[in-house]
Structure formats: C-alpha cells, structure tokens
Amino acid sequence: MVSGGENVQVSNKQVILKNYVTGSPKESDMYVSTNVTIRLKVPEGSNGILVKNLYLSCDPYMLYLNNMRNYDASNTDSKPPVTPLVGYGVAKVLDSEHPNFKKGDLVWGITKWEEYSLITNVEGLFKIQHTNVPLSYYTGILGMPGITAYTGFYEICSPKKGDHVFISAASGAVGQLVGQLAKLLGCYVVGSAGSKEKVDLLKNKLKFDEAFNYKEEPNLDAALKRYFPEGIDIYFDNVGGKMLDAVLLNMRPHGRIAVCGLISQYNLDKPEGVYNLMHLLIKQVQIKGFVVSDYYHLFPKFLDLVLPHIAEGKIVYVEDIVEGLELGPAAFAGLFSGRNVGKQVVLVSKE
C-alpha cells in the first residue's frame, strides 16, 4: 500500500452514472471506470483530506443526491455528468491539509463511489472513535441510518413503554434498529417486509413480536387489524403509499407517525394518492417528516445509548455486504427490488 503524503499517482476505479434513471434504477444505468488516476497528495492550501474508501453505503436517497433522473423532459438527449456517484461511506485518511484530521484517522460521512477521494468539504465527516465494532457499522447502525432511526423514534414519535409500534420496510437499514429500540423500551412491535426470509429475520433474530409479508396481504387494512386489534400508537414509515393509507385507518387517538422514507413511490411516474387523511383530524394524529442532517448534533447522545446495547448483544445488526466496487451498481439497483437482506454495503477495501 502506498502511504499518504507520497506524491505518487495511482489508478482510481469509479462508479459513474451512464444513463438517467427511468422507473427503477438498473445496473446498466451505471458503469465502472478504470481509466482515471489520482495523486495521493492533498494540494497545498486546499484545506482538504485525501481518503481511501473502505465501505460504501447503498441508500435509496442517492437517487436524489446524485440527480439520477432527468427532470428536464424537454431535453431527452441529455447525458448525466461523467463524475462518480456520491454517498455515505467509511474511509481512512491518507493525507490531510485540514487541522482536524490527520493521516490514519478513520472517518464516516459523505464521500464518492471510488477507491480514493479528495474531500475538500469536510463538514459532513465524523471521526470514528470506537473501533471495537465492525467498521462497516458506520455505514449503518452507527452511521446515518442509525441516527435516523434514533431521531425518528425518540425525537419525532415520543415513545413510551407499552406503545403499539408498527414499522414498514422493517428489515432495512433503519427499520431493524427502530424495532429493537422499541422492544428495549417495552413496546409491542410489528414489522412488515417483502419476503418470508425477511419476516423470519424480524421475528427470530431481531425479536419483533410479530411480522408479516405485505406482498401476501391482499388487504393491508385487514392485516393491520389482525396484528393491531387495539390500533397503532406509533408508525415509522419507510414506504408511504398504500401502506400509509392503511395505517391511517388503524391509528389510535394521539398517535404519532414519523415519515422517514417513501420507497414505494420513488419510481412511480404518478405517485399514489393517500385518501384517509381525515383520520389525522379525527384522532388528532401527528405526522411529521424529518431530515436526519438536522439532528446530527444528537450523534454523541445516540452513541451513548446504542454502543452499550451492541456490546451486550441486546442490539444486533444485519448487513448484506458485497465485495468489490464493480458490484456497486448491482447492489444499489437491488435496493429497489428488495434484493438485499439487511443493510446493503459495498466493501471497497479491507485497508
């Protein structure tokens, strides 16, 4: 391995958007470039850092972060820019011109889908202080998805012991942690997922009280009434659409809904309607969307809560790791068909 600070040039594999996405993202919408090089030295005076990317996080929001759709319908011939995708990752600092980072530091935050990245805006980077857990956890349970789960559950939903909690896309990066936090608080917890394997995971490994495969339920309202005969206090929404509409029928008075994601709607030309909004009024239900970056100041508090539970085995985390940057496009596209089981991660380098 070439050490940081040596003014050498190396090849730098990158994942680049080939075509604007229509419908669900496909592996063929992206390609891996191998003809780029990078100098392993931060330009003097740039105040940036040079990192080697170790793990990359696959997240649905990357569709929007990377402007992967062509929103200019009048320009059908336009092509996306030839730049690597951007997303959350875990990296090792090889060289630094920034006073807060030094060679050898491990960080998580926004980086690029490539082997090495020059990061000049370090605002969104967190130093990794706790290395007695897998580094990949900082793409998930100890990274953006983890603080998302913590924020949505505690800050938005104001939970209390005995609450009836429902989580959609419950085996995903965020949902699996929300469910376990709710169980630790003494709540009754049910999750929905899209396969028998994921339902078994929720019930057996993650210790949800119940779980069901929404694809096997012809009537979502009836399914929710089966699992919540007395109604739902908290709904952690990762999917939107028909599931949200059915949940509205089953909320208890003064219930709380955190809107974290709407993955069922992301690839539709025309979003599905939500028709049962009257129940928000009748039952005085609170519904709130949130952007996790507004709550990053809570990260230390979040770690104080979660790290001991991980160490004691009271919280477990399921990851789906593919090895090699060239498998990144397929891994990202697979998110939208539910191919992954647990948090989808791309291993770029083992250091």
Side-chain angles (χ1 to χ4, degrees), residues 10-38 51-71 76-91 108-119 124 135-136 138-140 143-145 169 171-174 194-195 197-198 238-239 261-269 318-350:
V10 298
S11 63
N12 191 25
K13 198 181 293 181
Q14 299 177 325
V15 176
I16 295 170
L17 188 63
K18 181 179 181 181
N19 304 304
Y20 282 118
V21 172
T22 55
S24 295
K26 303 181 292 294
E27 182 181 353
S28 59
D29 290 327
M30 296 154 274
Y31 69 98
V32 178
S33 170
T34 56
N35 57 7
V36 177
T37 61
I38 187 171
V51 302
K52 181 174 186 178
N53 292 309
L54 306 178
Y55 294 93
L56 295 173
S57 175
C58 293
D59 299 293
Y61 78 92
M62 288 172 58
L63 267 177
Y64 304 98
L65 184 64
N66 290 280
N67 295 314
M68 295 177 79
R69 298 195 190 280
N70 182 9
Y71 294 104
T76 56
D77 295 327
S78 65
K79 288 286 186 181
V82 184
T83 54
L85 298 184
V86 173
Y88 281 88
V90 173
W108 74 268
I110 293 291
T111 186
K112 296 176 183 177
W113 276 44
E114 56 188 358
E115 291 177 291
Y116 303 92
S117 294
L118 176 64
I119 302 176
L135 283 179
S136 56
Y138 289 92
T139 67
M144 182 273 290
S171 67
V174 176
S195 72
E197 180 184 11
K198 292 178 181 180
N238 290 304
V239 303
L262 302 166
I263 196 168
S264 74
Q265 307 300 296
Y266 293 157
N267 301 321
L268 301 180
D269 293 331
V318 180
E319 298 177 302
D320 191 332
I321 300 179
V322 299
E323 188 167 342
L325 191 59
E326 60 278 2
L327 296 182
F332 175 70
L335 288 177
F336 297 86
S337 60
R339 189 190 309 162
N340 57 301
V341 178
K343 169 64 188 168
Q344 185 68 71
V345 183
V346 178
L347 168 61
V348 182
S349 173
K350 295 177 181 177

Between CG on residue Asp59 and CG on residue Leu335, distance to nearest 0.5 Å: 7.0 Å
Interatomic spacing from NZ in Lys343 to OG in Ser57 - rounded to 0.5 Å: 2.5 Å
Atom CD of Glu197: over 12 foreign heavy atoms under 6.0 Å: no
Of all pairs that satisfy ring-ring contact (aromatic ring centres under 6.0 Å, His included), the ones with a partner from residues 319-345, not counting sequence neighbours: Phe332-Phe336
Residue that, paired with Leu56, satisfies side chain to side chain contact (heavy atoms under 4.5 Å, CB included) out of Leu347, Val348, Val90, Val322: Val348
Minimum side-chain heavy-atom gap Ile321-Ser136 below 4.5 Å: yes
Side-chain polar contacts of residues 15-30 - donor-acceptor pairs under 3.5 angstrom, sequence neighbours left out - could you list them?
{"unit_1": "Asn19", "atom_1": "OD1", "unit_2": "Lys79", "atom_2": "NZ", "d": "3.0"}
{"unit_1": "Ser24", "atom_1": "OG", "unit_2": "Asn267", "atom_2": "ND2", "d": "3.1"}
{"unit_1": "Asp29", "atom_1": "OD2", "unit_2": "Lys26", "atom_2": "N", "d": "2.9"}

Any Asn67 side-chain heavy atom under 4.5 Å of Pro80 side chain: no
Heavy-atom side-chain proximity of Tyr55 to Glu319 below 4.5 angstrom: no
Expected output: side-chain Asn53 to main-chain Glu114 donor-acceptor under 3.5 Å: yes
Interatomic distance, Gln344 atom CD to Asp320 atom CG [nearest 0.5 angstrom]: 4.5 Å
Atom pair OH (Tyr88) and CD1 (Ile110), whose distance is rounded to the nearest 0.5 Å: 4.5 Å
Reported NZ-to-CD distance for the pair Lys13 and Glu326, which is rounded to 0.5 angstrom: 4.5 Å
